[in-house]
Amino acid sequence: MGLPRFGRPEGGGGGGGGSEPSPNLYVANCGPAVGISHDKIRSVFGGFGPVKGVYAADESGARVVVCFDGEVSARAALEALNGRPCPDLGGRSLHVRYSVERPVCQELLAAVDDRPWNSLAKRRVQHYGYEFRYDTRNVDANRHMGELPPFVSFILERISYFPGLLCASNASLDQLTVNEYPVGVGLSPHIDTHSAFEDLIFSLSLAGPCIMEFRRFLEGAWLHKDVSGTDGNVDGLENSKFLRKAIYLPPRSMLLLSAEARYAWHHYIPHHKIDIVMDKVIKRSSRRVSFTFRKVRTGPCRCKFPLYCDSQSKHD
């Protein structure tokens, strides 16, 4: 079941329906179910000011939330369109109210907690679109499990607005892995298999923070196979020559792996119950949940990093 991202406004009067002014407008009698695309809605409402996004308000397809950059634009649109036929939207009479964004993180966590988890040695996972096989570190592209769940649709829409993306090759992200990490549990060092997934990998962090570390092995010290079979165990790395970077991933942050970071650097999460960020101690919470979105590759990888590529490398 899909989850609404915004709260339905209360009250029935005009001028905002009793809600406080907001840059977000709840618009009823408008949406794909009545033949009006989100792009068309964005175009019409964009006449009142910059629109950050148009989102489904619920599963009806006939109610949307239009998000402006500021309250002034939202008020202008509400006053001009509420209760009046809109010629540019098929002459439909729109019912417009202010809307307040709901706690998205809690809704996403509740959505996955309502679905069955698969238990690994130290963490739990869910797979959508295609199952990721940890024994082969790949997916079976011939076994499609269905579309991604509707409760992540607004995340996919936000990803599509990332600046500088080549949408043609990555717009239709079709594989999602949800990971739940108990406190202190990490992730083994790995590079997402080149032949399994396309160029861009997006990972949303929820609930708790962590440090993710990256290491690129210098030529001659490259280990083609996974260097660890245990989540977060990096003992096999310590005697190798490598470059090292670390990134702090707070809750609600989105990590994008692309180019060299995606194809040539191991990433992993060490076993820690605390992390040190700018000399500040950050305690990991009772759990961290990540939503990792990828696009399954249907042909051979032709990346520019053949030494690290399972499709091109000569390593055994």
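- How far CG of Leu156 is from OG of Ser172: 10.0 Å, rounded to the nearest 0.5 Å.
- Residues Ser205 and Pro251 form no side-chain contact, since every pair of their non-hydrogen atoms from C-beta on lies 4.5 Å or further apart.
- Contact between Gly31 and Val64 at its shortest, heavy atoms only, is CA-CG1, 4.2 Å.
- Using a 4.5 Å cut-off on side-chain heavy atoms (C-beta onward), Val296 and His144 make no contact.
- In this structure, Phe151 and Tyr128 have perpendicular ring planes: the angle between them is above 60°, well past the 30° mark.
- To the nearest 0.5 Å, atoms NZ (Lys40) and CG (Asp88) are separated by 5.5 Å.
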Item to check | side chain to side chain contact (heavy atoms under 4.5 Å, CB included) evaluation trace for Leu200 with Lys295 | outcome: CA-CA 8 Å; Leu200 305 184; Lys295 180 174 175 59; over 6 Å; no
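- Within a 6.0 Å radius of CZ in Arg244, other residues, nucleotides and ligands contribute more than 12 heavy atoms.
- Qualifying salt bridge (Lys or Arg N to Asp or Glu O under 4.0 Å) partners for Glu71, counting only residues two or more places apart in sequence or in other chains: none.
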Checklist entry - Would Cys105 and Arg252 count as a side chain to side chain contact (heavy atoms under 4.5 Å, CB included) if you check the C-alpha gap in whole Å, the side-chain angles of each, and the deciding distance to 0.1 Å? => result CA-CA 7 Å; Cys105 296; Arg252 299 170 61 99; 3.3 Å; yes
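- Nearest heavy-atom pair, Arg262 versus Phe197, reported as atom, atom and distance to 0.1 Å: NH2-O, 3.0 Å.
- Figure legend: Arg294 and Phe132 shown as a cation-pi pair, the cationic atom lying under 6.0 angstrom from the six-membered ring centre and within 45 degrees of its axis.
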Item to check | Evaluation steps, side chain to side chain contact (heavy atoms under 4.5 Å, CB included), between Arg97 and Asn82 | outcome: CA-CA 8 Å; Arg97 298 289 186 271; Asn82 182 38; 3.2 Å; yes
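- Follow the hydrophobic side-chain contacts under 4.5 Å out from Leu256 and you reach Phe154 in the same cluster.
- Residues Leu206 and Ile211 fall into different hydrophobic clusters, defined by Ile, Leu, Val, Met, Phe, Trp and Tyr side chains chained together at heavy-atom separations under 4.5 Å.
- Of all heavy-atom pairs between Tyr181 and Ser290, the closest is CE1-OG, 3.8 Å.
- For the pair Glu213/Pro270, a side-chain contact is recorded, criterion being any heavy-atom separation below 4.5 Å from C-beta on.
- With sequence neighbours left out, the salt bridge (Lys or Arg N to Asp or Glu O under 4.0 Å) criterion links Asp174 to no other residue.
- The two residues Leu25 and Ala74 make their nearest non-hydrogen contact at CD1-O, 3.4 Å.
- Every residue was checked against the salt bridge (Lys or Arg N to Asp or Glu O under 4.0 Å) condition with Glu131, not counting sequence neighbours, and none meets it.
- Taking 4.5 Å as the limit, some side-chain heavy atom of Leu176 sits within range of a side-chain heavy atom of Pro149.
- For His266 and Phe214, the gap between ring centers reaches or exceeds 6.0 Å.
- Cluster annotation: Leu187 and Tyr248 are assigned to distinct hydrophobic clusters (Ile/Leu/Val/Met/Phe/Trp/Tyr, side-chain heavy-atom contacts under 4.5 Å, transitive).
- A salt bridge links Arg124 with Glu180: the closest approach of a Lys/Arg side-chain nitrogen to an acidic carboxylate oxygen falls below 4.0 angstrom.
- Summarising the geometry of Ser73 relative to Phe68, their closest heavy-atom pair is CB-CD2, 3.5 Å, with the distance given to 0.1 Å.
- Separation of atoms CZ (Arg302) and NE2 (His194) is listed at 14.0 Å; rounding is to 0.5 Å.
- Side chains of Phe217 and Leu307 form no contact here, defined as non-hydrogen atoms less than 4.5 Å apart.
- Nearest heavy atoms, Tyr130 versus Gln175: O-NE2, 3.1 Å.
- Taken to the nearest 0.5 Å, the OG1 atom of Thr193 stands 12.5 Å off from the CZ atom of Arg133.
- Between the CG atom in Asp310 and the OG atom in Ser195 there is a gap of 3.5 Å [rounded to 0.5 Å].
- For the pair Val27 and Phe45, the minimum side-chain heavy-atom distance is below 4.5 Å.
- Cluster membership check: Met212 does not share its hydrophobic cluster with Ile282, using side-chain heavy-atom separations under 4.5 Å among Ile, Leu, Val, Met, Phe, Trp and Tyr.
- Residues Leu108 and Trp117 fall within the same hydrophobic cluster, defined by Ile, Leu, Val, Met, Phe, Trp and Tyr side chains chained together at heavy-atom separations under 4.5 Å.
- A salt bridge links Arg284 and Asp275; the closest N-O separation between the charged side-chain nitrogens and carboxylate oxygens is under 4.0 Å.
- Looking only at distances, a side-chain donor or acceptor of Ser22 sits under 3.5 Å from a matching main-chain atom of Ser99.
- If you look at His267 and His190, their ring centroids are closer than 6.0 Å.
- Going from atom SG of Cys67 over to atom CZ of Arg42 covers 9.5 Å, rounded to the nearest 0.5 Å.
- At most 12 non-hydrogen atoms from other residues, nucleotides or ligands lie less than 6.0 angstrom from CG of Asp279.
- Side-chain contact between Pro182 and Lys122 is absent, with no heavy atoms from C-beta onward closer than 4.5 Å.
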Next on the checklist: Run Trp265 and Ile191 through side chain to side chain contact (heavy atoms under 4.5 Å, CB included) and show every step you take.
Outcome noted: CA-CA 6 Å; Trp265 289 69; Ile191 297 174; 5.9 Å; no
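- Between Ile201 and Phe293 the shortest side-chain heavy-atom distance does not fall below 4.5 Å.
- In this structure, His127 and Tyr134 have tilted ring planes: the angle between them lies in the 30° to 60° band.
- In this structure, Phe305 and Tyr263 have parallel ring planes: the angle between them is below the 30° cut-off, well short of the 60° mark.
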